[in-house]
Each structure stands twice: as structure tokens, then as C-alpha cells.
Amino acid sequence: MRRIAYYKGCLAGLSARELDVSTRALAPKLGLELVELESVTCCGAGDIQMADPDYALHLNARILAEAEHAGSGTILTVCNVCTLNLRQAAWQLGNDEQLRSRVNENLERSGARPYSGGVEVTHLLWLIARGEGLERLKEIAVRKLDGLRVAPFYGCQLLRPSKLMGFEDPDRPTSLETVIEACGGEPVDYPAKTRCCGFPILLAREQTSLAELARPLEQALEAGAEAMVTSCPLCHLSLDAWQKSLERTLGRKLGLPIFHLSQLLALAAGLEPARLEFSRHAVSLGPVLARLESPLEGGR
Amino acid sequence: MQVRLHVQRSDPVTGETRLQLFELELPREATLLDCLEQIKDEVDGTLAFRRSCREGICGSCAVRIDGRTALACRTPVAELVAEGHAPTIAPIGNLPVVRDLVVEMEPMWQKMRAVEPFLRPGPDCGLDGRETPIPSARLDAVRKESLCINCGACVSECDAMTVSPEFLGPHALVKAWRLVGDPRDDAVAPRLKGLSGEHGIWECTRCYLCNERCPKGVDPRDAIAKLGAEAIAARIDRDRGARHAKWFVTSARTTGWLRESELVVRTLGLAFSFAKIPLALRLFRRGKAPLPLPRHRARDLAPARELRHIVAGQDRRGALGIVQGERALERIDFICSPEQPVGEDEP
């Protein structure tokens, strides 16, 4: 078992609880012992980075410091936005001693632990899309997805800015496709898979946001997708929870079920669908689950 | 080196658009611009494209190469044609095509004009003909933005502009920050008010395509974040986007995590939130809409509250909180001597 600090972020503890539940269910299969960071907060979500950027940096420093204290050189996230914010802060604090010592002074004054630098921030997708992680995934993916046509949706902030993310080519990524194939699914290609779902301004500029959301959903359906998978709970909220609102705007039915990455992996690893809380999704996964071999319940 | 290129040709008279294949012979060190010039000089003189300086200064020759926008003059062609690949060269996006690779830049300039791209000097700005000394630390805040060459690469792929053409967009907002962040400018508040409109700062969807494509490292998205940070610091924060951002701060210092169930009301206001009741009920039935109480609290919350207090009393408010991290981020591009930390090379 590899011990790894697990930062679940806000949404996996709130509206996307199924993401946390399925990640925890999956972790032992992947040989991971998740050490949940508890004395931590929101990463800022890109919002505190605007409303009070200095505060956002300190909050992220605290998360990094907690991971260090937990004895883990790596933080695992399950959210694109957390990944970007933590990686940005980790880079800034790791490469600017003046900045780090100022932030550390403040952390200590506030009663938090200081951060000495050097924690690596990774995402579940990165952990399993290459090398040992991929080998492990191939071993555990016992329930093949039976050629299910799955559209990969990357979401912006796991790809860009690539100088901070750097896992793969931000324009021609392959990690989700690799994972879908390893699970026995068939990846569906479509142009908007690397574009924006519009989530950050969903409340502030609904029309613009939904117009962005329409592109991946419509294109994926056009390309014959039966389901979509995303590595980001914020994209998931747009793609799933707001799909009905989008249907009303577009005046057409979409009905594309959206997997969290961890759910897709856990399903392929043979975990019972009931444990993965598919019933919490706005767009039913029923037809997809019914199509897969074993008798399944819980998909509604 | 043999080079095969598909070039998108558009005829303004017939309205026809097609891809034309060109096969060329060039030296290994050739750029994409060299290819286009060879086509024009030796193969087909009717090919239209813009270029001037040939060295990444004038910003004329941005094109899309297999979908990604870049300067033709800064793109070595050898990488593009590796393994016999024949790349597709098309005009930049989000602007109307005039002919072949030439686009109409006027919509971009209109937005530039809308942000009043000139200094409105205040009393401290040596109008008596003397220079205006400015501490170099103050100029750091706009140093990156002053590198913009107006090439339109950021506009080309801005996801928000594609679906909402009225969005001011990354290019104009970079120029806006160049002035808002300039200590000599005396119109910061009216500028920020103007930029907080329906198609301003808060319409950016944070897709980071502008940062990804900018050939000069301007990082337009970061400039937009700086504008947002200054607007909020100046209490020009009535916009839904600003209220949304501020709610995260309130959430972090009161419960540690996002107070998600209250976010809609805090962003939209009570009246507009009523329209979201059907959606909320739908999600509530699925267990997707968390109740506001009991609150989802982080353990050991005191430091989160205290930190907010501490940083509020320090001198990194607003955009300076972003600027302070830029020196380290610049090192990603050229990490030449990692043993020398950034903090040590003081100006």
C-alpha cells in the first residue's frame, strides 16, 4: 500500500459526495492508502485567487504544509481546479524563498504549520494513466466496460496552463483515452474535449456559460457517445446537474450520462454500482449500467 | 527538407473556402513564415497573409496551425512536419476572414478602444515635461502586460468570445490592466467600473487558452484576475462575478469549505434566485443540493480565520497578491540555475 495525502476539496464533500465515496472505494484496489487531510480548507477555487489572492496563497500553503506533516511527499486530488491552485502555490512557494518565508511567518502566527517546500501535487488521472498506475489499472479492471462508447472530457485546468500542469500535450491529450481503453471502453473523439464547460461563470453569466457547455455535450452525442467521463467535479456539475437547464435553452433532449473518473474506474474494477452513488446524478446512468453485463442496481 | 502544408484558402468574391496542399523544399531551420513566403514567391502569388518583422515583434503573422494559434515567424517547421505530417494552416479564430490567412482586426481594435488604451495622467504625472520616477516594484505589476504585441493569438481561441462575441476578451483586458496597474493613471475607479459590465472582467471563463497561446508570456488570464482583484479591493464589487468570488472568502474564513448551498443566493441575490428553485429541488431530490445547516466545517478552523486577518493588515492587497507570485512562475520557462532561489537576485 502506498500512503498518499488525499485532498478532496470542497465539492467532493458537498454536492459531489459520490466522487469522494467512489474514490475511497477505489483506492485500496489501486494500492493506495488515502491519508485524508482534515485541518485544511478550500483551495480558493480560482475565486479567492481573485477576491483576495494573498489569502488564497496562504490557504494553499497550509494545505501543502498539512500534506508534508502527514508524511506524504505527494498530494492526491480529484479535482482539476484544486490541482491547478495547489500546483501554482507549490511552484511559487518552492521557487521563491522570500515569498515562502513571509507566508510561513504568517502561517505560524495564525497557529498553522509552516511549509518547507517540495510537495508534489498530482491528480487521480495522472496517477493511473501511465507507468505503474496504468499497469495496476489494467490488472484491476476485471469488469470490462464492454466497448461502452465513452467521451473523455478533460476540463481546462488539468491541461492549462501547461507550464504548470505539464503532464501531457494540452491540445492532444491522451490520458483519459488510455484509461477508458484500459477499462474496456471505447473512447469517442470530438473537438471540444479540451475546451471549456463554462462552469466558473455558470451563476455569474449563465448564458455564456451554457453556450460553452453545449459544445462538448452536443459534439459527444453527435460522435456517438453513450456516456462521458470527466476528471473534474466542477465540470461534472455543469455537464450533469445543469444538463436539463441546457436542454431547455437548446430546445432539445441530450440525456448524456456523466461519470466521475473514479466511478468509471471503480465500475471497471468490479465494485458494486450501489457503492458508487450513481443515484445522486441528475442524468440517469440507468441505461448505461443496464447495458453492462452483471445485474446492476442503484443506477435508477 | 521536404515540407507539405495544407493552407486554408478563402476567396472573398466567391465566398468559397478550401484547403490547398503545397509541397515545398526548405532548409531544416526554416520557419512556417519562410514556407508561406516561398509559396507566395515561387508557387502561388495570390496567397494572402500578413507579416512584417519576421522576429516575433510586430505581431502580424499569427495563424492557426492544426488548430493552435502561434506566430508563423516563431514556429520552426521541422517540428510540424515530423513523421511526414502535413499540418493545416488556417487564419486565426474569432475574427472575420478577409482572404486566406488575413483576418479583419477591426473588432479587436474596437474593444481595445473601448478600454481607453491611453494614460489618463494624474497630478503626480510630470506634465511639466519632467520624467515621472516610478519605483520599479510598482512597474512589476504591469511588466508582463507591457510585452503584448497585439497579435490576437489570445483572441483567436478565447472560448468565451466564441460563444459571446461581445466579451471584451483577453487582449483588451490586458491593455486595461496595463493602465489600471500603472501608478501614473488617475482614472482607476472609473476604469474598473466600466470593466465590470456585462461583457467585462467577469465574463472570462478561466479556460486558460489565452495564457497557453500567448507567444510573449503575457498571461492574459492572470491580467484579468488582477483586474478582478483590484475591483474587489476598491469595492467595485456589485457584479455577480465579484459577489461569487467574495463568497468563497467568506466561506473559507467561516467554515473552511465552500458554503455551497448559499452560493446561488449570494451570487444572484434573493430575487433572481427564485428562478433557480426548480433546479435546486431537482438536485435536492437526488441528494445533490446540500442543506445550509448543519454546516460542513473544516477541522481546526482558527488558522483560516486568523490568516485572513493577518494578510488583510499587510501590504499585498488586491492585484499585488498575484504579482508577488510572478517572479517564481517566470522561472518555469527558463530554469537556468535552480540553486539560486528567485528571492536573491534583487533589482
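Keep in mind that what you see is a predicted model, and the values were worked out from it rather than measured. Proteins get letters first, then strands, A, B, ... in listed order; numbering begins at 1 in each.
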> Are side-chain heavy atoms of B:Arg253 and A:Tyr55 found at a separation under 4.5 Å?
Replying inline: yes
>> Just so I understand: if I count every heavy-atom pair under 4.5 Å between each of A:Asp171, A:Leu164, A:Leu99, A:Leu84 and chain B, which residue has the most?
In response: A:Asp171
>> Is A:Leu57 in contact with chain B via its backbone, its side chain, both, or neither, using a 4.5 Å heavy-atom distance?
In response: side chain
>> Rounded at 0.5 Å granularity, tell me how far CZ in B:Arg299 sits from CD in A:Glu36.
In response: 9.0 Å
> In Å, rounded to the nearest 0.5 Å, how long is the span from CD of B:Glu330 to NZ of A:Lys163?
Replying inline: 7.5 Å
>> Less than 4.5 Å to any heavy atom of chain B: does that hold for the side chain of A:Gln207, its backbone, both, or neither?
In response: neither
> With only heavy atoms counted, which part of B:Thr162 is less than 4.5 Å from chain A, the side chain, the backbone, both or neither?
Replying inline: side chain
> Mind checking whether B:Trp202 and A:Ile201 have side chains closer than 4.5 Å, heavy atoms only?
Replying inline: no
>> Under 4.5 Å from any heavy atom of chain A, what part of B:Glu212 do you find: side chain, backbone, both or neither?
In response: side chain
> Is chain A contacted by the side chain of B:Leu258, its backbone, both, or neither, given a heavy-atom distance below 4.5 Å?
Replying inline: both
>> Does any backbone or side-chain atom of B:Arg316 lie under 4.5 Å from a heavy atom of chain A? Answer side chain, backbone, both or neither.
In response: both
>> Please rank B:Ile224, B:Leu301, B:Thr205 by heavy-atom pairs under 4.5 Å with chain A and give me the top one.
In response: B:Thr205
> So, for B:Phe248 and A:Gly44, which heavy atoms are closest and what is the spacing to 0.1 Å?
Replying inline: CD2-O, 4.2 Å
>> Report which part of A:Pro161 has an atom under 4.5 Å of a heavy atom belonging to chain B: side chain, backbone, both, or neither.
In response: both
> Looking at NZ of B:Lys288 and CZ of A:Arg17, how far apart are the two atoms once the value is rounded to the nearest 0.5 Å?
Replying inline: 10.0 Å
> Based on non-hydrogen pairs under 4.5 Å, which of A:Gly111, A:Gly46, A:Gly94 is most in contact with chain B?
Replying inline: A:Gly46
>> Check this for me: A:Glu105, atom CD, are more than 12 non-hydrogen atoms of other residues, nucleotides or ligands nearer than 6.0 Å?
In response: no
> Is it the side chain or the backbone of B:Glu157 that comes within 4.5 Å of chain A heavy atoms, both, or neither?
Replying inline: both
> Of the backbone (N, CA, C, O) and the side chain (C-beta and beyond), which part of A:Arg62 lies under 4.5 Å from a heavy atom of chain B, both, or neither?
Replying inline: side chain
> About how many Å separate CG of B:Leu283 and CZ of A:Arg280, when rounded to the nearest 0.5 Å?
Replying inline: 10.0 Å
>> Less than 4.5 Å to any heavy atom of chain A: does that hold for the side chain of B:Leu209, its backbone, both, or neither?
In response: both
>> Taking every non-hydrogen pair under 4.5 Å, which of B:Arg243, B:Arg317, B:Arg221, B:Lys226 racks up the most with chain A?
In response: B:Arg221
>> Taking B:Arg206 first and then A:Asp47, would you say they form a salt bridge - that is, a charged N and a carboxylate O separated by under 4.0 Å?
In response: yes
> Which answer fits B:Arg68, side chain, backbone, both or neither, if we ask what part of it has an atom under 4.5 Å from a heavy atom of chain A?
Replying inline: side chain
>> Out of B:Ala298, B:Gly325, B:Ser164, return the one with the most heavy atom pairs under 4.5 angstrom to chain A.
In response: B:Gly325
> Got a second to check how far A:Leu158's CG is from B:Tyr208's OH, nearest 0.5 Å?
Replying inline: 13.0 Å
> Under the 3.5 angstrom rule, does the side chain of B:Asp159 hit a backbone N or O of A:Cys196 as a donor-acceptor pair?
Replying inline: yes
>> Within the structure provided, determine whether A:Ser245 and B:Lys276 are in side-chain contact (heavy-atom separation under 4.5 Å).
In response: no
> Given that the side chain runs from C-beta out, which part of B:Arg266 has a heavy atom under 4.5 Å from chain A: side chain, backbone, both or neither?
Replying inline: neither
> Where on B:Asp237 is there a heavy atom nearer than 4.5 Å to chain A: the side chain, the backbone, both, or neither?
Replying inline: neither
>> Which atoms of A:Val103 are under 4.5 Å from chain B, going by heavy atoms: the side chain, the backbone, both sets, or neither?
In response: neither
>> Looking at chain B, which one of A:Ala45, A:Ser162, A:Ala112, A:Ala282 has the largest number of heavy-atom pairs inside 4.5 Å, strictly under?
In response: A:Ser162
>> If you count heavy-atom pairs within less than 4.5 Å of chain A, which of B:Gly241, B:Gly228, B:Ala304 leads?
In response: B:Ala304
> Got A:Arg160 and B:Asn211 here, is their nearest side-chain heavy-atom distance under 4.5 Å?
Replying inline: no
> At a heavy-atom separation under 4.5 Å, does B:Cys204 approach chain A through its side chain, its backbone, both, or neither?
Replying inline: backbone
> B:Leu307 versus chain A, heavy atoms under 4.5 Å apart: side chain, backbone, both or neither?
Replying inline: both
> Which heavy atom in A:Ala211 sits nearest to a heavy atom in B:Val163, and how many Å separate them?
Replying inline: CB-CB, 3.6 Å
> Among B:Leu227, B:Asp66, B:Leu268, B:Ile201, which has the most heavy-atom pairs under 4.5 Å with chain A?
Replying inline: B:Asp66
> Going through the distances and angles, do B:Ile332 and A:Asn95 end up as a side-chain contact (heavy atoms from CB on, under 4.5 Å)?
Replying inline: CA-CA 9 Å; B:Ile332 298 181; A:Asn95 290 277; over 6 Å; no
> What part of A:Leu237 gets closer than 4.5 Å to chain B, counting heavy atoms only: side chain, backbone, both or neither?
Replying inline: side chain
> Can you tell me how far the SG atom of B:Cys207 sits from the CG atom of A:Leu159, to the nearest 0.5 Å?
Replying inline: 11.0 Å
>> If the test is side-chain hydrogen bond (donor to acceptor under 3.5 Å, both in side chains), which one of B:His309, B:Gln314, B:Glu306 qualifies with A:Asn106?
In response: B:Gln314
>> Measuring only between side-chain heavy atoms, which start at C-beta, is A:Val283 closer than 4.5 Å to B:Arg286?
In response: no
>> With a 4.5 angstrom heavy-atom cut-off, is it the side chain or the backbone of A:Arg113 that approaches chain B, or both, or neither?
In response: neither
> Under a 4.5 Å heavy-atom cutoff, which of A:Ser110, A:Ala51, A:Pro53 has the most pairs with chain B?
Replying inline: A:Ser110
> Are the side chain of B:Glu260 and the backbone of A:Ser15 linked by a donor-acceptor contact shorter than 3.5 Å?
Replying inline: yes
>> Let's test your reading of the structure: which of A:Arg215, A:Arg102, A:Gln157 forms the most heavy-atom pairs below 4.5 Å with chain B?
In response: A:Arg102
> Does the side chain of B:Glu198 reach to within under 4.5 Å of the side chain of A:Arg205, using non-hydrogen atoms?
Replying inline: yes
>> Here's a test for you: under side-chain contact (heavy atoms from CB on, under 4.5 Å), which of B:Ile310, B:Ile322, B:Leu320, B:Val311 qualifies with A:Asp54?
In response: B:Val311
